[in-house]
Amino acid sequence: MVRMDEDKLLALAKRRGFFYPAFEIYGGVAGLYEYGPMGAALKANIADRWRRFYVLGEGFAEIDSPNVSPEEVFAASGHVKEFTDFSVECTKCREAFRADHLVKDIENPAALGADGLSAALKGQGAKCPSCGGELSVPQKVNLMFKTQIGPTANSRVGYLRPETAQAMFFSFVNHYRHFREQLPFGVVQVGRGFRNEISPRQGLLRQREFNMMEAEVFVHPERKTWPRFHEVADDRLRLVSNDGKEHVIAAKDAVHKGIIKNEALAYFVALTQRFLLDVGIDPKRLRFRQHLTNEMAHYASDCWDAEVELSYGWVEAVGVADRGSYDLDQHIRHSGAQLTAFERFAEANEVERDVIAPVHARLGPLFKGKAKAIAAAMESAEGLAVESDGTIKLAIDGAEVTVPPECFERKRVREKVSGRRFVPHVIEPSYGLDRILYSVMEHSYHEEEKEEYTVMRLPISVAPIKFGVFPLMAKDGLDGFAMKLDAELRDAGVVTSYDDSGSIGRRYARMDEVGTPFCVTVDHETLEKGTVTIRDRDSKAQVRVPAKELAALAPRLLRHGFSVAKGGK
RNA sequence: GCGGGCGUAGUGUAGCCUGGUAUCACGCUAGCUUGCCAAGCUAGUGACUCGGGUUCAAAUCCCGGCGCCCGCACCA
């Protein structure tokens, strides 16, 4: 029964132009999908709602960075090294296999390293599954799409990004400055990611090129609170913690009891719930599951996935992770850039310390080209020891250099220390847009019990078309009137669909299938009294309103629902 | 990638075993009709997943590719 729904939904998705496999006339390519007119609109509307939460609601800044990135970025992020699967090759028939899939009786073999896999395979005497030949040692296969930046031989190696997050990290100082050097703040990006999956499946849920909406929220490492936490404090969350227990609990209690590690993380878990419900996820089919300790990235201190129940089972749609300072640390290490925030002490400290001050007038002539490096080394080295003969020994470029006494002075200085630099921590809510879109479609899908009749009960805000506009019959001037009404609505910024074909019931049905919340019909009474009917998708109820008022009424209907029309007239 | 199931108009299907270019329904388009929930009549539209082989002839038989679904595994 569940299977049936899924097939019917996929059929509807294609028939009505939501989504379908890409490149169909060339046989299709696994893991690549195309959004049709309804799907593209639905996707844009969901992303819009997301921005309403994250950009308008939280005041976060949206950026837009390239899909193609130089190798250095992913060397720093760890993707070049770690974003891999292990494969083994048969030495006889040359066939390749995923190493972790050949390992038997080990829980989570994917978590094994090269040595662990190698040992496990050897220990089990694993042979080639197709010819029985000997297997090679496990080799890493990177799952990023590799390319070259620039067409000529001296081009740089590049990758299509597997996530949008990195630009929010490596451009941290720009964002920090934009927010006038105040924590906490957030940066978001809505865009595409690319993962060259070995075997993509399950339609929109696992694609090779997919859409995500990511936020990186930079917080003080010792103050992982959130200023607006009180707004969500009483939101009830369904939490499955990694001890296997399920809690239905208010956000504030989840924090107090330590189920969710900190307030900032809990805030974004609660915000995620609000967003998902807003775009049409069924609350009964939503839960948050904490990552198991061995599933969590080693740097993450806590991670919660929003999981949505679909015909495929529970599917992860959003991940909310406390990533600590890992990502910024990595880019600091690899690039040398100072990706830090500055914190002013309440009172500036005065400290006295001994320093070695280079005498440049002597250093220069004596050491020539090396003088600059020597001076820098003297200034940066804390507590340099002066040898018994009065010289200093320094290691410059791997060679020891002896600096005679006349080249420096020993001084005691008073310094004012007004604050300290530190690497912020990051809370990362990461949303799979395609998965959310698909989930919204499944949860909106509604079939009338008796007849074969489908209604997509999409929330008004995400529905691709807001109003169907019909003349009851395309004659007697009804069609002309309806066309004018349609143009007025579109002029007011409302997405409409004009339709004068077939019976009125058929046209309602078409709109129901794409989730259009309202249909306006022009009939003979319109010509006499100037009123039109508005029909509600979910209740099929109708009310008459003056046609003249429709364009003004429409935005209120879209905001508050059908009851506005009922109450109004 | 493994195991299983599968691929015929936009959709759902018949035909495949036993080779002779394709059934029915819905949809869609036009006309008539009806006059507020997929009504009716008429006409039209439109398909054998791709490639190779066997054959006088392939949707049908054989081989291979691609794709889809389920399970395993992985993941946003």
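Every chain is numbered from 1 and lettered A, B, ... according to where its sequence line falls, protein lines coming before strand lines.
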| 5'-most by nearest nucleotide on RNA chain B - G203(A) or V318(A) |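 Mapping each residue to its closest nucleotide by heavy atoms, the 5'-most match is G203(A).
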| message | If you assign Q542(A) and E316(A) each to the RNA chain B nucleotide with the nearest heavy atom, which residue ends up on the more 5' nucleotide? | response | Q542(A)
Students often get this wrong, so: under 4.0 angstrom with heavy atoms, is [X] touching a base, only sugar-phosphate, or nothing?
X: G502(A); answer: nothing
X: E214(A); answer: nothing
X: E209(A); answer: nothing
X: E163(A); answer: nothing
X: D305(A); answer: nothing
X: S430(A); answer: nothing

Short heteroatom pairs, N/O only, protein and nucleotides 40-49 of chain B, under 3.5 Å:
none

Interatomic distance at [atom1], [N] relative to [M], whole Å:
N: U49(B); M: U23(B); atom1: P; value: 16 Å
N: G4(B); M: G51(B); atom1: C1'; value: 25 Å
N: A57(B); M: U42(B); atom1: P; value: 41 Å
N: U55(B); M: G20(B); atom1: C1'; value: 12 Å
N: C75(B); M: A59(B); atom1: P; value: 45 Å
N: C2(B); M: A73(B); atom1: C1'; value: 10 Å
N: U60(B); M: C17(B); atom1: P; value: 9 Å
N: C26(B); M: A39(B); atom1: C1'; value: 14 Å

Measure [atom1]/[X] against [atom2]/[N] and give the value in whole Å, please.
X: R206(A); N: A73(B); atom1: CZ; atom2: P; value: 12 Å
X: R507(A); N: A39(B); atom1: CZ; atom2: P; value: 11 Å
X: Q207(A); N: C68(B); atom1: CD; atom2: P; value: 11 Å
X: F194(A); N: A76(B); atom1: CZ; atom2: C1'; value: 14 Å

Using modelled atom types and a 3.5 Å cut-off, is there a donor and acceptor pairing between side-chain atoms of [X] and backbone atoms of [Y]?
X: H446(A); Y: R457(A); answer: no
X: Q290(A); Y: W304(A); answer: no
X: D499(A); Y: S501(A); answer: yes
X: T516(A); Y: F518(A); answer: no
X: R161(A); Y: R192(A); answer: yes
X: S439(A); Y: R435(A); answer: yes

Is it the case that [N] (base atoms only) and [X] (side chain only) share a donor and an acceptor within less than 3.5 Å, ignoring hydrogens and angles?
X: R510(A); N: A38(B); answer: no
X: E428(A); N: A76(B); answer: no
X: R208(A); N: C75(B); answer: no

| said: Which residues pass the side-chain contact (heavy atoms from CB on, under 4.5 Å) test with S497(A), not counting sequence neighbours? | reply: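 side-chain contact (heavy atoms from CB on, under 4.5 Å) check on S497(A) returns I465(A), M511(A).
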| request: Not counting sequence neighbours, which residues clear side-chain contact (heavy atoms from CB on, under 4.5 Å) with A541(A)? List them please. | output: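 S539(A), F562(A).
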| Does the cation-pi check pass for R535(A) over Y508(A), that is, NZ or CZ under 6.0 Å from the six-membered ring centre and within 45° of its axis? | yes
| Quick one: is the NZ or CZ of K43(A) closer than 6.0 Å to the six-membered ring centre of F210(A), and within 45° of its axis? |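 Geometry flag: not set, cation outside 6.0 Å or 45°.
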| query | For the side-chain contact (heavy atoms from CB on, under 4.5 Å) test, which of V188(A), T272(A), I46(A) pairs with Y431(A)? | reply |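 Answer after filtering V188(A), T272(A), I46(A): T272(A).
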| Y453(A) has a side chain; which of C37(B), A73(B), C68(B) sits nearest to it? | C37(B)
| message | Taking the minimum atom-to-atom distance to the side chain of R535(A), which one of A38(B), U29(B), C37(B) wins? | response | C37(B)
| said: Less than 4.5 Å apart, side chain to side chain, heavy atoms only: is that true for W314(A) and V240(A)? | reply: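 Result no, sub-4.5 Å side-chain heavy-atom pair not found.
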| field | Partners meeting ring-ring contact (aromatic ring centres under 6.0 Å, His included) with F268(A) (sequence neighbours left out) | value | W226(A)
| CG of N45(A) to CE of M38(A): how many Å apart, nearest 0.5 Å? |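 Those atoms lie 10.0 Å apart.
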Any protein N or O atoms within reach of nucleotides 9-13 of chain B? Criterion: under 3.5 Å, listing atom names and distances.
residue: U11(B); atom: OP1; partner: K14(A); partner atom: NZ; Å: 3.2

| request: Compare the ring of F210(A) with the six-membered ring in the base of A76(B) and state whether they stack (centres under 5.5 Å, planes under 30°). | output: yes
| query | Want to know the stems of RNA chain B: at least 3 consecutive Watson-Crick or G-U pairs with distances under 3.5 Å, which are they? | reply | B:1-7 with B:66-72, B:10-12 with B:24-26, B:27-32 with B:40-45, B:49-53 with B:61-65
| field | Phosphate contact (A39(B) OP1 or OP2) by S503(A) side-chain N/O below 4.0 Å | value | yes
